[in-house]
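Atoms considered below: every heavy atom in the structure, side chains included; atoms not considered: hydrogens, waters and symmetry mates.
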Amino acid sequence: MRVIILNMSVCGSVIFFLYLIFYPAAKRYFPICWRYNILKLSLLFFLIPFGEFKYLFLLMFHQFMPESGFWTMPEHYKIDTQKYIFLAEDHLWIPENMKVLAAILVCLGTISLMIFCAQLLKYQRLKQFCLKDVLECDTTSWNEILKRISSQFGIKKKISLFFSVYADSPLTVGVFAPKVIIPEFLDGVLEEEKQYLVVHELGHIKNKDLAVRFLALLVMAVHWFNPVCYFLFREICAISEIHCDDYTLKNIKGAERKKYSNLLINLSTESFKKPEKHYAVHLVSYNVKLLERRIQEMKMPEKKKHIILACLTGGLICIIGGIPSFAYIPPSVYVLNAQVSNLSNPLESERTVYSDFDIQSVIEHIPYNYYWQGDDGSIIQLDYRQKAESSPSCTHDHIAGTIIKHIQNNDDSCKVSYTEGERCILCGKITEGKEVNAVHYGICPHEMTISEME
């Protein structure tokens, strides 16, 4: 579990960094919704363990391209007993390192749960504060604008609009039953300003911005150790406001845009003691830099949006972000259909196969008993009886590799040794170096994929 969470964290972070790289071009040539959708994509990679579906993706890929198996599937299979949970009919054995990881996971899960509970408490406090002594709107002009904009946005659920003396900015609370709250001092604003306020808040409801913000908070709770999550949350809050500004100012230019920006500035100067508003989407931000950023976006000249290029770039980001998922190896359980007195003793060695196990399921395929494998993937069979001689006139052009020797003993056990080696691609002479590894097997699991020469 720890590995999959780290894998999810890496994938989500990669998407966010790609978002930052493409941001300058996206700001000029892509629709604002492109930026918002890429941030949502990053949230998905933080929350969904795509690595768990790696083998399903490979299976689907092989169905379309059967010939791809030779480079997508490993040629050698080994059991690392310290990474498996072994289950027999009468016994369960869990390696010590997995027990330690389980304890670490419990601690991390406890921290995440505490963070999430703290966020829920803040939400309840904010909701109670916003809905304190509210009055349901009975003004005809407000209700007509609300009904008309809801119809334009295709919002079928009933939206309630309230006035509050405690609110200092128009805001929306509630995920399943959203409520728009307007400060009481804005009741008498001009009709066009009323439309600005309603369009902006209904834009949040249409985009389900509050639910997205909750998902971002969940990401912060699960991946609290990753600083990228906090920057992602802030950017989601900013882009959601810019996106709704774009809704509000659609087909509006010049002086009308200036009126809207002045409205934002005037509302931002209202002084009020306010609680945390992470769980509400509101028109005015008290972050000066964010307000400046929103106004600069409004002033940007209209340019042709390259929709096809935006889609291709989004697809590229999705593919690159998904690549780390294929580095994840899901945890495995080895089921043994037999009764054993104690599983821990025969499994102390890291790479050992015993006769109690189903050998067919742990077969390791090797091409020869004695061969040289280059770092470039090339394989050359060697002969115990013949030593390669070099040509006296050869200038030698060596490539690095490994000499692999498989020795089978009379008791059905075997040993595989790995020795450094260099091979001249001109004359074929192989220079043997030092042994770097040797693996002993209680029962030989190897099977030749290529017949040995006579």
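Environment of CD1 in Ile308: sparse, with no more than 12 heavy atoms of neighbouring residues, nucleotides or ligands closer than 6.0 Å. Within a 6.0 Å sphere centred on CZ of Arg148, other residues, nucleotides and ligands contribute more than 12 heavy atoms. Counting non-hydrogen atoms of other residues, nucleotides and ligands closer than 6.0 Å to NZ of Lys305 gives a total above 12.
Taking the side-chain hydrogen bond (donor to acceptor under 3.5 Å, both in side chains) definition, one finds that Arg257 meets it with nothing, sequence neighbours left out. Partners of Glu144 according to the side-chain hydrogen bond (donor to acceptor under 3.5 Å, both in side chains) rule, which considers only residues two or more places apart in sequence or in another chain, do not exist here.
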Mind running side-chain contact (heavy atoms from CB on, under 4.5 Å) on Ile236 and Leu215 for me, showing each step along the way? CA-CA 10 Å; Ile236 283 177; Leu215 290 178; over 6 Å; no
Between Tyr196 and Val189, does the side-chain contact (heavy atoms from CB on, under 4.5 Å) criterion hold? Intermediate values first, please. CA-CA 11 Å; Tyr196 293 155; Val189 295; over 6 Å; no
Could you walk me through whether Met8 and Phe46 pass the side-chain contact (heavy atoms from CB on, under 4.5 Å) check? CA-CA 5 Å; Met8 292 158 58; Phe46 269 112; 5.8 Å; no
Stepwise side-chain contact (heavy atoms from CB on, under 4.5 Å) check, Asn226 with Val10: CA-CA 9 Å; Asn226 188 346; Val10 169; over 6 Å; no
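Side chains of Phe162 and Val180 form no contact here, defined as non-hydrogen atoms less than 4.5 Å apart. Phe225 has its side chain out of reach of Ile111: every pair of non-hydrogen atoms, C-beta onward, lies at least 4.5 Å apart. Side-chain atoms of Glu184 and Ser164, non-hydrogen and from C-beta on, never get closer than 4.5 Å to each other. Contact annotation: the side chain of Leu290 never approaches that of Glu292 to less than 4.5 Å [non-hydrogen atoms, C-beta and beyond]. Counting heavy atoms from C-beta outward, Asp375 and Ile399 have side chains that stay 4.5 Å or more apart. Considering only heavy atoms from C-beta on, Met298 comes within 4.5 Å of Asp245 through its side chain. Inter-residue side-chain proximity for Thr172 and Ile181 is flagged as unmet; no heavy-atom pair is nearer than 4.5 Å. Put simply, the side chain of Trp34 reaches to within 4.5 Å of the side chain of Thr313, judged on heavy atoms.
With values rounded to the nearest 0.5 angstrom, Thr248 atom OG1 is found 11.5 Å from Lys250 atom NZ. In this structure, CD in Glu235 is found 7.0 Å from CD1 in Ile242, a value given to the nearest 0.5 Å. Here the CD1 atom belonging to Ile404 is positioned 5.0 Å from the CD atom belonging to Gln373, to the nearest 0.5 angstrom. Within the model, atoms SG of Cys311 and CG of Leu316 stand 13.0 Å from one another, a figure rounded to the nearest 0.5 Å. Taken to the nearest 0.5 Å, the CZ atom of Arg213 stands 7.0 Å off from the NE2 atom of His204. If you take CG on Leu249 and SG on Cys244, they are separated by 11.0 Å, rounding to the nearest 0.5 Å.
No donor-acceptor distance shorter than 3.5 angstrom exists from the side chain of Tyr29 to the backbone of Ile307, with no hydrogens or angles considered. In terms of modelled atom types and a separation under 3.5 Å, the side chain of Ser151 and the main chain of Lys147 share no donor-acceptor contact. Using modelled atom types, one side-chain atom of Asn7 and one backbone atom of Pro324 make a donor-acceptor pair closer than 3.5 Å.
A cation-pi contact, defined as under 6.0 Å to the ring centre and within 45° of the axis, links Lys40 to Tyr36.
Side-chain contact check for Arg35 and Tyr23: at least one donor-acceptor pair (N or O, by modelled atom type) lies under 3.5 Å. Side-chain atoms of Asn207 and Tyr247 include a donor-acceptor pair closer than 3.5 Å.
Residue Leu18 is tested with Ile317, Leu41, Ile38 for a side-chain contact (heavy atoms from CB on, under 4.5 Å); the sole match is Ile317.
Aromatic ring pairs are classed by plane angle as parallel below 30°, tilted from 30° to 60° and perpendicular above 60°; the pair His200 and Tyr260 is tilted.
Summarising the geometry of Glu201 relative to Pro170, their closest heavy-atom pair is OE2-O, 3.4 Å, with the distance given to 0.1 Å. For the residue pair Leu202 and Ile159, the shortest heavy atom distance occurs at CD2-CG2, 4.1 Å. Closest heavy-atom contact between Cys318 and Ile15: CA-CD1, 4.3 Å. Residue Phe45 comes nearest to Cys11 through the heavy atom pair CD2-CB, 3.6 Å, listed as atom of the first residue, atom of the second, then distance. In terms of heavy-atom proximity, Ser42 sits nearest to Gly12 at OG-O, 2.9 Å. Of all non-hydrogen atoms in His223 and Ile5, the two that sit nearest each other are CE1-O, 3.4 Å.
Between Glu191 and Lys194 a salt bridge is recorded (basic side-chain N to carboxylate O distance below 4.0 Å).
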